[in-house]
Amino acid sequence: MKIQTYYNHIRFYTPHHFVYYPVLTVFLVFSIYFAFTTNDCLIWSFISVVFLFLFFLAYMLRQHYALVLQNRIVRLELRYRYFTLTGKRLEEFEHKLTDDQIFALRFAPDEEFLPLLEDALKNNLSGDAIKKAIIHWRADYNRV
């Protein structure tokens, strides 16, 4: 695996992003085309709606299950890291951090974590600003 940085940390799942969605998109385009160009517009309209539903359902389920679980794990990881580094509980002020800030802090190594956390709380840094402020990126190759 190549070294992860801010610029390449987005991850794709090839069968899903580059096979399933393109094939479903092609079927959807053809069904819409046939709905407008054939005499069987009612059946092709119904088929188009089915493809739209499959597209939406696949996207929403994939995103929902994976991201909810990942969000919980990232929060637990940061609570553990904060407790390990300080001996204090992050839950005391965790509510002051946005999800975006919490998720960005996971890329900070231990040496940069506490100063970035304080800066995020003090200056209300966005998640993107936190990521850009990280000097030694701590890669996360196991995220969804």
Side-chain angles (χ1 to χ4, degrees), residues 1-37 41 43-144:
M1 293 184 124
K2 61 182 173 180
I3 295 174
Q4 190 180 85
T5 65
Y6 171 77
Y7 299 101
N8 70 358
H9 75 286
I10 295 174
R11 187 171 172 185
F12 293 102
Y13 180 56
T14 302
H16 195 82
H17 291 101
F18 301 112
V19 176
Y20 179 76
Y21 281 133
V23 168
L24 192 58
T25 302
V26 168
F27 286 156
L28 177 62
V29 168
F30 277 113
S31 66
I32 291 171
Y33 172 77
F34 289 138
F36 287 104
T37 60
C41 68
I43 190 70
W44 283 109
S45 297
F46 176 74
I47 292 170
S48 298
V49 169
V50 169
F51 282 134
L52 277 172
F53 178 74
L54 289 173
F55 201 101
F56 178 76
L57 183 65
Y59 181 76
M60 294 310 294
L61 287 176
R62 177 189 65 89
Q63 292 293 101
H64 177 72
Y65 293 143
L67 293 178
V68 168
L69 180 59
Q70 179 175 292
N71 292 351
R72 291 184 67 187
I73 292 168
V74 168
R75 285 183 179 282
L76 290 171
E77 174 195 346
L78 287 188
R79 287 175 184 169
Y80 176 74
R81 285 180 68 199
Y82 184 78
F83 183 78
T84 301
L85 294 170
T86 65
K88 300 176 185 173
R89 296 176 59 99
L90 181 66
E91 293 93 319
E92 295 174 13
F93 58 88
E94 183 179 358
H95 65 279
K96 295 179 183 178
L97 295 166
T98 66
D99 289 346
D100 197 34
Q101 291 171 317
I102 290 172
F103 303 148
L105 285 166
R106 73 178 172 189
F107 295 110
D110 289 345
E111 307 80 46
E112 299 176 39
F113 176 71
L114 292 176
L116 276 172
L117 176 62
E118 291 174 17
D119 198 19
L121 287 168
K122 182 179 175 186
N123 299 317
N124 197 25
L125 296 178
S126 70
D128 200 51
I130 293 170
K131 289 179 186 178
K132 288 179 180 177
I134 296 171
I135 297 168
H136 298 100
W137 191 268
R138 182 176 169 263
D140 181 2
Y141 294 107
N142 297 312
R143 72 194 194 312
V144 176

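We're numbering straight along the sequence, starting at 1. Owing to the predicted nature of the structure, the values given are computational and were not obtained by experimental measurement. Just so it is clear, the values below take in all heavy atoms, side chains as well, and ignore hydrogens, waters and symmetry mates.
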>> Does any part of the side chain of Phe55, heavy atoms only, come nearer than 4.5 Å to the side chain of Thr25, both counted from C-beta?
In response: yes
> Between Asp110 and Arg81, which heavy-atom pair has the shortest distance, and what is it?
Replying inline: OD1-NH2, 3.0 Å
>> Exactly one of Val50, Leu52, Val49, Val23 should register a side-chain contact (heavy atoms from CB on, under 4.5 Å) with Leu28. Which one does?
In response: Leu52
> Hey, does Ile32 have a side-chain heavy atom less than 4.5 Å from the side chain of Phe36?
Replying inline: yes
> Rounded to the nearest 0.5 Å, how far does CZ of Arg75 lie from CD of Gln70?
Replying inline: 12.0 Å
> Any sub-3.5 Å donor-acceptor pair from Asn71's side-chain atoms to Val68's backbone N or O?
Replying inline: no
> At what distance, to the nearest 0.5 angstrom, does CZ of Phe107 lie from OG1 of Thr5?
Replying inline: 10.5 Å
>> Using side-chain heavy atoms (C-beta onward) and a distance below 4.5 Å, is Val26 in contact with Phe30?
In response: yes
Result block: side-chain N/O donor-acceptor pairs under 3.5 angstrom for residues 113-125, not counting sequence neighbours:
residue : atom : partner : partner atom : Å
Asp119  : OD1  : Asn123  : ND2          : 2.3
Asn124  : OD1  : Gln101  : NE2          : 3.4

>> I need the minimum non-hydrogen distance between His95 and Glu92, along with the two atoms involved.
In response: CE1-O, 3.5 Å
> Measuring from Phe103:CZ to Leu97:CG, what's the distance to the nearest 0.5 Å?
Replying inline: 11.0 Å
> Between atom CD of Glu94 and atom CG of Leu78, what is the distance when rounded to the nearest 0.5 Å?
Replying inline: 8.0 Å
>> Going by salt bridge (charged side-chain N to carboxylate O under 4.0 Å, His left out), name the pairs with one or both residues in residues 125-137, residues two or more places apart or in two chains.
In response: Asp128-Lys132
> Do any N or O atoms from the side chain of Arg138 and from the backbone of Arg106 form a donor-acceptor pair under 3.5 angstrom?
Replying inline: yes
> Does the side chain of Met60 come within less than 4.5 Å of Phe56's, by heavy atoms?
Replying inline: yes
> So which heavy atom on Ala104 is nearest to which on Gly127, and how close?
Replying inline: CB-O, 3.2 Å
> Does the ring centre of Tyr82 sit less than 6.0 Å away from the ring centre of Phe93?
Replying inline: yes
> Any idea how Phe34 and Trp44 line up, ring-wise: parallel (<30°), tilted (30 to 60°), or perpendicular (>60°)?
Replying inline: tilted
> Does CZ in Phe46 sit with more than 12 non-hydrogen atoms of other residues, nucleotides or ligands closer than 6.0 Å?
Replying inline: no
>> Can you confirm whether the side chains of His136 and Glu112 place a donor and an acceptor under 3.5 Å from each other?
In response: yes
>> Any heavy-atom pair between the side chains of Leu54 and Tyr20 that's under 4.5 Å?
In response: yes
> Do the ring planes of Tyr21 and His16 sit parallel (below 30°), tilted (30 to 60°) or perpendicular (above 60°)?
Replying inline: perpendicular
> Quick check: does any side chain N or O of Asn8 sit under 3.5 Å from a backbone N or O of Ile3, one acting as donor and the other as acceptor?
Replying inline: yes
>> Quick check for you: to the nearest 0.5 Å, what is the distance between Ile43 atom CD1 and Ser31 atom OG?
In response: 11.0 Å
> Is Tyr6 close to Ile134 at the side-chain level, that is, under 4.5 Å between some pair of heavy atoms?
Replying inline: no
